[in-house]
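Worksheet for the structure shown next.
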Amino acid sequence: MRAVKFVAGRFAGMVLVLLIVSFITFVVFYVLPSEPAQLACGRPCSPQALELAREFMGYNVPWYQQYFDFIGGIFGGRTFGTGQAAIVCSAPCFGYDFQNNADVLDEILSRVEVSVSVAIGAAIIWLITGVGLGVVSALKRGTPLDRITMAVAMAGVSMPAYLAGMLGITIFAFGLDVVPKNGYVPIGEDVAQWAWHLVTPWLVLAFLHAAIYARLTRGQMLETLGEDFIRTARAKGLTERKVVGRHALRNVLLPVVTVFGVDLGLLLAGTVITERIFSMPGVGMLLVDSIRSLNLPILLGVTLFAALAVTLVNFLVDLFYGVLDPRARLT
């Protein structure tokens, strides 16, 4: 029963956050000095044609009614215009891109595979590498291995993403010519080429994030190894492997899991710089293109998709956190 309350509470919190984000985002975009109907109508556009466009797109009503129409469209679908020219947007409808005559959600979903491929692959590499190096560095505290690991980690933490991406392309693609320079191959076409085109983005992102996890894990591990329960475990005669793996690592993973949830959610929402540097048509590239063309329906849809990705991943992390630390279920 307590576990059900824990899950229900976290889920209700996620829904509340999404509603708040959707409202703030909608209001911010509404007050922008732009006229989506003007962009869809084109130039020249007479006042009569502009008014018809605004009515067709649903911009001829107060902003709060537009917001409720938008939320209603997510759950029940929405119809733009009337008669034979009407456009039906099936639920869940995140809006309609009148510049490209496409459903906003369809456009986002068509880019999700790229962003998910980049994010999941990089996350697996950086989590294993970062935690592993952090644990080894803590156990070898003060040795040359510890100093070298922390020096490399400091370089990764300090380096901007665009610089790491440019160095990756310059060294491995143009200099050594061992990886593709850019582009993306869908996993359904060729699995090997899919992975081969993602090697450099994976390594670049993993280098940047693994550095953070290595430093975080090392600090947590050093603090945990000084706790009384670790001394008790050693006094019982347990091997160092069991002390570290069974007792210390469990406590070290709690803050790591929390940070991992935020990082993974942001990556799933779109690695803007990485996708831009490696010319990958993911959600991040869609966001950049929509900003350039001031495509508000796409901007709103991508923003909500990003919020959904972050909150959903954090919801799952909260559940996993409750498994790692049962005390979390009591809060």
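Note that these values count all heavy atoms, side chains included, but never hydrogens, waters or copies made by symmetry. Remember, it's a predicted structure, so these values are computed and weren't measured experimentally.
- Side-chain atoms of E113 and Y184 include a donor-acceptor pair closer than 3.5 Å.
- A ring pair (Phe, Tyr, Trp, His ring centres under 6.0 Å) with F26 holds for exactly one of F68, F94, Y67, Y64; it is Y67.
- Checking side-chain atoms of E55 against main-chain N and O of N60 turns up no donor-acceptor pair under 3.5 Å.
- Using a 4.5 Å cut-off between side-chain heavy atoms of Ile, Leu, Val, Met, Phe, Trp and Tyr, with links allowed through other members, I171 and F207 fall into different hydrophobic clusters.
- When all heavy atoms of V104 and G301 are compared, the pair lying nearest together is CG1-CA, 4.0 Å.
- When hydrophobic clusters are built by joining Ile, Leu, Val, Met, Phe, Trp and Tyr residues whose side-chain heavy atoms come closer than 4.5 Å, directly or via intermediates, V152 is not grouped with M150.
- Taken from CZ in R54 to CG in L52, the straight-line distance is 11.5 Å, to the nearest 0.5 Å.
- When side chains are defined from C-beta on, I120 counts as touching I124, because their heavy atoms get closer than 4.5 Å.
- Using a distance-only test at 3.5 Å, with no hydrogens or angles considered, a donor-acceptor pair links the side chain of R147 to the main chain of G142.
- Residues D103 and C89 come closest through the heavy atom pair OD2-SG, 3.4 Å.
- Side chains of N251 and T224: no donor on one and acceptor on the other come within 3.5 Å.
- Scanning both residues, L208 and A164, for their nearest heavy atoms gives CD2-CB, 3.9 Å.
- No donor-acceptor pair closer than 3.5 Å links the side chain of R111 to the backbone N or O of M285.
- A donor-acceptor contact shorter than 3.5 Å links the side chain of T311 to the backbone of L308.
- Residues L238 and R234 have side chains not in contact (no heavy-atom distance under 4.5 Å, counting atoms from C-beta outward).
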Can M14 and N314 be said to form a side chain to side chain contact (heavy atoms under 4.5 Å, CB included), step by step? CA-CA 9 Å; M14 183 183 75; N314 277 278; over 6 Å; no

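- Residues T239 and V243 fail the side-chain proximity criterion, which asks for heavy atoms closer than 4.5 Å.
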Going through the checks in order, is the ring-ring contact (aromatic ring centres under 6.0 Å, His included) test met by W196 and W202? CA-CA 10 Å; W196 192 233; W202 282 346; over 10 Å; no

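- Two different hydrophobic clusters hold Y96 and F70 under the rule that ILVMFWY side chains link at heavy-atom gaps under 4.5 Å.
- Going from atom OG1 of T25 over to atom CG of L296 covers 12.0 Å, rounded to the nearest 0.5 Å.
- The aromatic rings of F23 and W63 sit tilted, their planes meeting at an angle between 30° and 60°.
- Linking Ile, Leu, Val, Met, Phe, Trp and Tyr residues whenever their side-chain heavy atoms come within less than 4.5 Å leaves F172 and M280 in two separate clusters.
- Distance check: I71 CD1 to S22 OG gives 4.0 Å after rounding to the nearest 0.5 Å.
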Criterion side chain to side chain contact (heavy atoms under 4.5 Å, CB included) on Q220 and V256, from CA distance to verdict: CA-CA 9 Å; Q220 292 293 324; V256 172; 5.7 Å; no

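- Using a 4.5 Å heavy-atom threshold, the side chains of D146 and R218 count as touching.
- Shortest non-hydrogen contact noted between F98 and I87 is CE2-CD1, 4.1 Å.
- When all heavy atoms of P180 and A173 are compared, the closest pair comes out as O-CB, 3.9 Å.
- Between P92 and F75, the closest side-chain pair of non-hydrogen atoms is not below 4.5 Å.
- Between W126 and H209, the ring planes lie parallel to each other; the angle is under 30°, not in the 30° to 60° tilted range.
- Annotation: side chain of L225 is in contact with side chain of L139 (closest heavy-atom distance under 4.5 Å).
- Contact annotation: the side chain of V135 approaches that of V244 to within less than 4.5 Å [non-hydrogen atoms, C-beta and beyond].
- Here CG of L249 is found 4.5 Å from CG of L253. Values are rounded to the nearest 0.5 Å.
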Test H247 against E227 for side chain to side chain contact (heavy atoms under 4.5 Å, CB included), laying out the working first. CA-CA 11 Å; H247 297 282; E227 297 287 341; over 6 Å; no

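- Using the six-membered ring where Trp is involved, F260 and Y213 have ring planes that are perpendicular, over 60° apart on the 30 and 60° scheme.
- F278 is listed as a side-chain neighbour of V204, based on a closest heavy-atom distance under 4.5 Å.
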Begin from the C-alpha positions of Y162 and R276 and carry the test side chain to side chain contact (heavy atoms under 4.5 Å, CB included) through to its verdict. CA-CA 9 Å; Y162 71 88; R276 187 70 177 171; over 6 Å; no

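- Considering every non-hydrogen atom in both Q66 and G58, the closest pair reads CG-O, 3.4 Å.
- When hydrophobic clusters are built by joining Ile, Leu, Val, Met, Phe, Trp and Tyr residues whose side-chain heavy atoms come closer than 4.5 Å, directly or via intermediates, V252 is not grouped with L222.
- Between the side chain of H197 and the backbone N or O of Q193, at least one donor-acceptor pair lies under 3.5 Å.
- Note that the CD1 atom of I74 and the CG atom of L105 stand 9.5 Å from one another [nearest 0.5 Å].
- At least one donor-acceptor pair closer than 3.5 Å links the side chain of S115 to the backbone N or O of V283.
- Here the OG1 atom belonging to T217 is positioned 11.0 Å from the CD1 atom belonging to I212, to the nearest 0.5 angstrom.
- Side chain of E275 to main chain of P281: no donor-acceptor pair is present (N/O by atom type, distance under 3.5 Å, no hydrogens or angles).
- Put simply, the side chain of D97 gets close to the backbone of Q99: a donor and an acceptor are under 3.5 Å apart.
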